[in-house]
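First comes the structure, then the notes that go with it.
Both counts, for ligands and for their atoms, begin at 1 and track the order of listing.
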Amino acid sequence: MDTPTPLQTLDETWSRMLCVVAHPDDLEFGSAAAVARWTGQGKTVGYCMVTSGEAGIDALAPDECRPVREAEQVESARIVGVPEVTFLGFPDGILEYGVGLRRAIALEVRRFRPDIVVTGNFRDTFGGRNLNQADHIAVGRAVLDAVRDAGNRWVFAEQLVDGLEPWGGVREVWAAGSPDATHGVDTTDTFDLGVASLEAHGAYIAGLGWEHFDGREFLEGFARQAGQRLGVALAASFEVFPMGWAGDE
Ligand SMILES: [Zn+2]
């Protein structure tokens, strides 16, 4: 087996981060421990859920499921120091990449004015043969484009009222858990908070019906692999997309 490629250390010289993902639980399957580290450093992190994950529990109809999943997400965010979760209300399971999705995400970027935007892996797979999920792919692609849209005064110009301005300050987009991850962050000290954040999705995890699912064990497997590549015990990995035009990477 090949030696795994080393990960570079992620930049931590920023102050505001917006995480935009398809579903409640997406951030908790790998990124929450990193978020806990960053909020612990005094950084401001906001969460934006494109859907409410209302199609995620087989035994629960969407209208009953939605408030359950939103409440679990708000609690799991609170555990890692994120006070604000926005739900965009797009339909779970049938997201389409397109201008409507870009418009909604661009508005959140303009409102939040982040230095860094995090999204989930939007490559076709997670590295093996298991396919990624359609909503994840649509959201990741839309996030990259919406970050650029947010900086252009003439794109979604109708949003620029009541003092809202274009925001071109996003330096990088980071896609969590990508098979093409380039960078990592040490999560050894905040790993337990990441586990607690995942466990806050109790109804969802129970609904998966995975027998003997152990959140800690699950997260530890990935965190150890990333940690080995970064030279620490536990880490989270990200694929980094520089958002400038200058080609300075
Ligand atoms: Zn998901």
Considering all heavy atoms of both residues, which atom of C65 and which atom of L60 are nearest to each other, and what is their separation?
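Result for this residue pair: CA-CD2, 3.8 Å.
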Sorted by first residue and then second, give each side-chain hydrogen bond (donor to acceptor under 3.5 Å, both in side chains) pair with at least one member in residues 189-199; sequence neighbours left out.
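Pairs touching residues 189-199 that pass the test: D192-R216.
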Lys NZ or Arg CZ of R69 over Y204 ring: under 6.0 Å, within 45°
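Verdict for Y204: a cation-pi partner in R69.
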Could you check whether R141 makes a cation-pi contact with F122, meaning its NZ or CZ is under 6.0 Å from the centre of the six-membered ring and within 45° of the ring axis?
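Judged by the rule, R141 and F122 form no cation-pi pair.
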If waters are left out, how many protein N/O/S atoms lie within less than 2.8 Å of the Zn ion (ligand 1)?
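Those protein atoms number 3 in total.
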F29: ring pair (Phe, Tyr, Trp, His ring centres under 6.0 Å) partners, not counting sequence neighbours
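With sequence neighbours excluded, F29 shows a ring pair (Phe, Tyr, Trp, His ring centres under 6.0 Å) to F218, given in chain and number order.
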Residues in ring pair (Phe, Tyr, Trp, His ring centres under 6.0 Å) contact with H23, at least two apart in sequence or another chain
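H136.
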